[in-house]
Amino acid sequence: MNGLDSTTGQTLETVMRFAAARQAILAHDIANSSTPGFRAVDVPVDAFQRSLSEAVDAAREGRTDGLQPEHTEGVRFEGDRVVLEPRPRGENILFHDRTDADADRILADLAENTLAFRAAAELYRHRTALILSAIRERP
Amino acid sequence: MYGLFDISTSGLVAQRVRLETIASNLANQETLLDAQGRFSPWRRRSVEFAVGDQSHGGGLGVHVAAIQESDTFDLRFQPGHPYADTEGYVRYPDVDPVIEQIDALDAVRAYEANIAAVEASKSMFSSALGLLA
């Protein structure tokens with residue numbers, strides 16, 4: 001993949017949009033850690049990554065015009081927007097107040113999600129800097 | 001993306017209300033009279049959380065749905081006490097300091113978790129702002 005083609009930018013943008021939307025869901029889980037009967041929710045990240053990686057391959061091979069990821073489990077791509085449909089995580093036992101939020105996992109996911117966003121933002125910034133230096137014809 | 005802060009803030013507000021309730025329970029664990037000086041033992045208060053942030057009209061976040069007042073009292077046998085009933089029992093607030101302390105710890109930890117979420121969102125914002133610079 002050429003670092004300056006539009007697919008790179010679109011991919012990084014999609015990752016940032018996804019991470020921003022998922023951050024809201026994880027913040028929601030944390031805010032409700034004391035709500036009786038609350039079941040923690042999330043979206044399948046691996047399904048999103050698979051769909052994105054297939055879309056990148058298709059764009060690179062010229063099968064699609066630009067990046068066109070397909071809707072996947074819990075994730076819909078509507079134009080420029082990434083719409084998430086969270087579902088119960090269901091990864092923990094029920095506590096006495098009928099909640100199942102696993103604080104450690106949610107906070108770890110939050111940290112990971114933040115890093116994913118920052119990594120994408122940093123790559124995007126480098127890409128922009130690269131384009132700028134190409135325009136100026138000096139590093 | 002600004003909505004991120006609203007979600008975590010709703011968690012902070014809810015936990016703060018919970019902590020205020022706990023503090024008033026602890027402060028009033030021996031209170032027998034109301035503000036007008038009439039006999040009315042303090043009723044233990046507890047918050048009820050519900051999903052969704054009403055102040056911002058979103059389905060995400062949390063809010064305090066109600067503050068329940070307990071109907072039970074701690075009966076202590078104190079004949080001769082000015083507020084003792086005919087059998088010599090005085091109704092004291094049903095506040096267990098141990099339970100309140102543990103509740104307070106839980107509230108503080110939950111508050112910190114929301115702060116951690118705000119910090120994470122802030123760092124995302126700053127890297128997004130870095131794209132402009």
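Lettering of chains follows the sequences in order, A, B, ..., and the numbering in each one begins at 1.
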Top contributor to chain A contacts, counting heavy-atom pairs under 4.5 Å, from [options]:
{"options": "B:Ala120, B:Ala117, B:Ala65, B:Ser10", "result": "B:Ala120"}
{"options": "B:Ala107, B:Ser8, B:Ser123, B:Ala113", "result": "B:Ser123"}
{"options": "B:Ala116, B:Ser126, B:Gly11, B:Gly61", "result": "B:Gly61"}

Atom of B:Pro97, atom of B:Gln29 and distance for their closest heavy-atom approach: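 Between these two residues, the closest heavy atoms are CG-OE1, 3.3 Å.
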With a 4.5 angstrom heavy-atom cut-off, which part of [X] approaches chain B: side chain, backbone, both or neither?
{"X": "A:Glu122", "result": "neither"}
{"X": "A:Thr128", "result": "neither"}
{"X": "A:Phe38", "result": "side chain"}
{"X": "A:Ile30", "result": "both"}

Contact leader toward chain B among A:Ala120, A:Ser34, A:Ala21, where contacts are heavy-atom pairs under 4.5 Å: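 It is A:Ser34.
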Is [X] in contact with chain A via its backbone, its side chain, both, or neither, using a 4.5 Å heavy-atom distance?
{"X": "B:Ala14", "value": "neither"}
{"X": "B:Glu119", "value": "neither"}
{"X": "B:Arg18", "value": "side chain"}

If the threshold is 4.0 Å, N to carboxylate O, is there a salt bridge linking A:Glu54 and A:Arg50?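 Looking at A:Glu54 and A:Arg50, the cut-off is not met.
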Is there a donor-acceptor pair under 3.5 Å between the side chain of [X] and the backbone N or O of [Y]?
{"X": "A:Asn113", "Y": "A:Ala19", "value": "yes"}
{"X": "B:Thr21", "Y": "B:Val17", "value": "yes"}
{"X": "A:Asp97", "Y": "A:Thr35", "value": "no"}

Could you tell me whether A:Arg98 atom CZ has more than 12 heavy atoms of other residues or ligands within 6.0 Å of it?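 Result for CZ/A:Arg98: open.
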B:Arg76-B:Gln78 side chain donor-acceptor pair, cut-off 3.5 Å: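 No, B:Gln78 and B:Arg76 have no side-chain donor paired with an acceptor closer than 3.5 Å.
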Side-chain contact, heavy-atom cut-off 4.5 Å: B:Val95 with B:Asn28?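 B:Val95 vs B:Asn28: side chains apart.
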